[in-house]
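Working notes, beginning with the structure itself.
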There are 2 protein chains.
Amino acid sequence: MPATTSQPPSGPRRPVGIGEVAARAGVSPGTVSNVLNRPERVAEATRRRVQEAIRELDYVRNSSGSSLRSGRSDSVGLIVLDVTNPFFTEVARGVEDEAVEAGLAVILLNSAERPDRQRRSLRLLAEQRAAGAVVMPVDDDLSDLHWLRQRGISWVLLDRGDVAAQEGCGVSVDNHAGGLAAGRHLISLGHERLTFLSGPFAIEQCRDRLAGLRAACAEAGLEPDAAVRVVERPQLNARAGAEAVEAVLAGGPRRRPQAVFCANDQLALGLLKSLGRRGIRTPDDISVVGYDDIDVASLVHPGLTSVAQPKYEMGRAAMRLLLSELNDPGHRHERLRFEPTLVVRDSTSARR
Amino acid sequence: MPATTSQPPSGPRRPVGIGEVAARAGVSPGTVSNVLNRPERVAEATRRRVQEAIRELDYVRNSSGSSLRSGRSDSVGLIVLDVTNPFFTEVARGVEDEAVEAGLAVILLNSAERPDRQRRSLRLLAEQRAAGAVVMPVDDDLSDLHWLRQRGISWVLLDRGDVAAQEGCGVSVDNHAGGLAAGRHLISLGHERLTFLSGPFAIEQCRDRLAGLRAACAEAGLEPDAAVRVVERPQLNARAGAEAVEAVLAGGPRRRPQAVFCANDQLALGLLKSLGRRGIRTPDDISVVGYDDIDVASLVHPGLTSVAQPKYEMGRAAMRLLLSELNDPGHRHERLRFEPTLVVRDSTSARR
DNA sequence: CGCCGGCCTTGAATCGTTTTATCGCGGCGG
DNA sequence: CCGCCGCGATAAAACGATTCAAGGCCGGCG
């Protein structure tokens, strides 16, 4: 950055390279490089002279040249499924904070839940010879990720538990436990006719959360197949939740579920809205539980009971695993598993 | 990407370069480069042979080498103030979609509203010799941005209207008009005792929205200084909104505002929550208007009346301006201004 | 038949940095 | 006094792609 605060916009400057700095400081380019990368190997006086020259010329390192020669790059990729989803952005914040501390730059890429865009993103990272990547995979097909690893770019999976440890590190949350907690909560409130409002079953998380819910039923002596009805929606957003209301209420008031457990908060928020429109009150007429505990869950009225995941911490942990893989020669792949916690608010209450 | 779908994880492969491809195709490296960058200059047959070799060897271009020599880079930066804010992520989506169409990669950087992080991000872009940047500046100090431009990296400002056109392109929304629309709406409902719940006044948007609100008062024959009370908060998030409730209600029921206009939706959501906790009903007791019209505004209960900005379109437009600056030699800086629109929902109603 | 021009292709120079082998120098031990 | 060692600094060879001047080939025209 400029030494003097704000200069009048003068013509575009010819870029200054390491050689020019060297000339100015009266040393060789190699020495400048050493000052930049291994300052301890340079004598105090020389180092100071070089740093002075760097400041005076306002030299900025060219990372192309640098990473071309060294083979290394100091940026890592982060591929998220949806930049507009609060869950992912919170995770991204964690990844970023940890990376910044380690002096790495994060290239945030959005796969928009589309395999082709994930593919593009991975290819970009390969072209950039990125140091590594944190990836929330778009589906169960990891072949592109193996392709990336073959090229020497290692990755950590986020939010996908099914990866055998020998393929790479991973961070996930126990979705079964989350479903179980939600189920126990609802059952303890006296609800026996439940609906699981799911996203696509292709998504492992949805399946696991449902399994947890069923386990809670079994545990309480309820027959899971009878107690839990499942409504599957093709997406995990609010619109899908709102549109699901008919399917959820299908069968008339007598068969209406006493409680709905949603695969994520956005579905739940959409559903709540539609229920309200129809004059069905939450929690008086129906209890609703969400998943993720995004910020707005506490802001809506009624406050949404939700299964919380340590989003920010998951991001940090993933980045830490990646850093370990990059720096620690004795690294072994590892799978970290977080525990979800139920946050009870106003959208659930005892059966009338 | 691999031609064959999924190979068993074999040892890390030695990277294949342009030379190897050339050898395989029986041509010179220069020709391979031409196939990659100016295919029309290469004879049909040769081109095919080279492409075949590329596929067989699964060659991936090394962007370090490429941009080192050419001076160009095919990635652009996008610096947002807060990755977790829905307004920004929606804008980011627009920027990204437009960039992808143009074959550019987007490096998304989060300044977290902190000048030092914005500085870091700009420096990173300088080191990477990025093609350009779309920036939502963290404050009014543009000296670092000038510094960037001096280095030949051009930028487009987003959501900041005060930049003289000769310094760079910009995209903004008419905040005064937004405040005016909100004010007219509230006044037409009969409200005369208004409060503006603001973020930091250092942020131009807040000031302009307030000015618009005042203009609406003046227009209706109300004395702005008497009709509008202002509550300033240091941040623009929900927590700040929730904590503002006391200041908003200060003075007892008699002096309680009939309507509150909030500088953004998150403030409004926080405020709504706190009002609800105190048993104050919206819109019966107090009308509330937000700003930005983020997704959840329509999901909360009551639905939040809000001033909508064309978030996604703003992102696209910003990227288009940047592309024009990069590709069009006769480019002249331009300032695009969008118009906000008021979206009326349930959080505002006529004075009782 | 010779020359010219257009189309493809080539070879070599080049981008800015890192790295490695080498060198000069002064001090220390033998 | 000599040789050796180690510290600091240097020069030159990479890294992988792009670019550009130059050359080869072919067909057409004079």
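What you see is a predicted model; the values in this text were computed from it and never measured.
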If I take atom [atom1] in residue [X] and atom [atom2] in nucleotide [N], what distance separates them, rounded to the nearest angstrom?
{"X": "L57(A)", "N": "dG16(C)", "atom1": "CG", "atom2": "C1'", "result": "15 Å"}
{"X": "R69(B)", "N": "dA12(C)", "atom1": "CZ", "atom2": "P", "result": "16 Å"}
{"X": "I18(A)", "N": "dC15(C)", "atom1": "CD1", "atom2": "P", "result": "15 Å"}
{"X": "E20(A)", "N": "dG16(C)", "atom1": "CD", "atom2": "P", "result": "10 Å"}
{"X": "R48(B)", "N": "dC8(C)", "atom1": "CZ", "atom2": "P", "result": "14 Å"}

Base, sugar-phosphate or nothing for [X]? Non-hydrogen atoms, less than 4.0 Å.
{"X": "S66(A)", "value": "sugar-phosphate"}
{"X": "T31(B)", "value": "base"}
{"X": "V32(A)", "value": "nothing"}
{"X": "R72(A)", "value": "sugar-phosphate"}

Does E52(B) come within less than 4.0 Å of R49(B), counting only side-chain N to carboxylate O? no

Check R151(A) with D58(B), please: is the shortest side-chain N to carboxylate O separation under 4.0 Å? yes

Using 0.5 Å steps for rounding, measure from the [atom1] atom of [X] to the [atom2] atom of [Y].
{"X": "R38(A)", "Y": "S33(A)", "atom1": "CZ", "atom2": "OG", "value": "6.5 Å"}
{"X": "L323(B)", "Y": "H331(B)", "atom1": "CG", "atom2": "NE2", "value": "11.0 Å"}
{"X": "I203(A)", "Y": "R160(A)", "atom1": "CD1", "atom2": "CZ", "value": "7.0 Å"}

Dump every N/O contact between nucleotides 21-26 of chain C and the protein below 3.5 Å, one line per pair.
none

Side-chain donor-acceptor pair present, S67(B), S64(A), cut-off under 3.5 Å: yes

Check DNA chain C against residues 34-44 of chain B and give the residues with a non-hydrogen atom under 4.0 Å, in numerical order. V42(B), A43(B)

List the atom of [X], the atom of [Y], and the distance in Å for their closest heavy-atom pair.
{"X": "V80(A)", "Y": "F88(A)", "answer": "CB-CB, 4.3 Å"}
{"X": "V138(A)", "Y": "S111(A)", "answer": "CG2-OG, 4.4 Å"}
{"X": "V134(A)", "Y": "A318(A)", "answer": "CG1-CB, 4.0 Å"}

Which two nucleotides bound the region of DNA chain D that has atoms under 4.0 Å from heavy atoms of chain A, read 5' to 3'? dG8(D) to dG16(D)

So the salt bridge (Lys or Arg N to Asp or Glu O under 4.0 Å) pairs with at least one residue in residues 126-139 of chain A (sequence neighbours excluded) are R123(A)-E127(A)

Kindly state each residue pair satisfying salt bridge (Lys or Arg N to Asp or Glu O under 4.0 Å) with at least one member in residues 91-104 of chain B, sequence neighbours excluded. R117(A)-E96(B), R117(A)-D97(B), E90(B)-R93(B), E98(B)-R316(B), E98(B)-R320(B), E101(B)-R316(B)

The residue, G30(B) or N62(A), whose nearest nucleotide of DNA chain C is more 5′ is G30(B)

Take the C1' atoms of the five end pairs on each side of the helix from dC1(C)-dG30(D) to dG30(C)-dC1(D), derive the two axes, and give their angle rounded to 10 degrees. 60°

Just so I know, are the side chains of F87(B) and D159(B) near enough to count as touching, which here means a heavy-atom distance under 4.5 Å? yes

Out of L124(B), N110(B), L122(B), which residue meets the side chain to side chain contact (heavy atoms under 4.5 Å, CB included) rule with I79(B)? L122(B)

Please check the phosphate of dT10(C) (OP1 and OP2 only) for any side-chain N or O of S28(B) closer than 4.0 Å. yes

Any donor-acceptor N/O pair, W155(A) side chain to L145(A) backbone, under 3.5 Å: yes

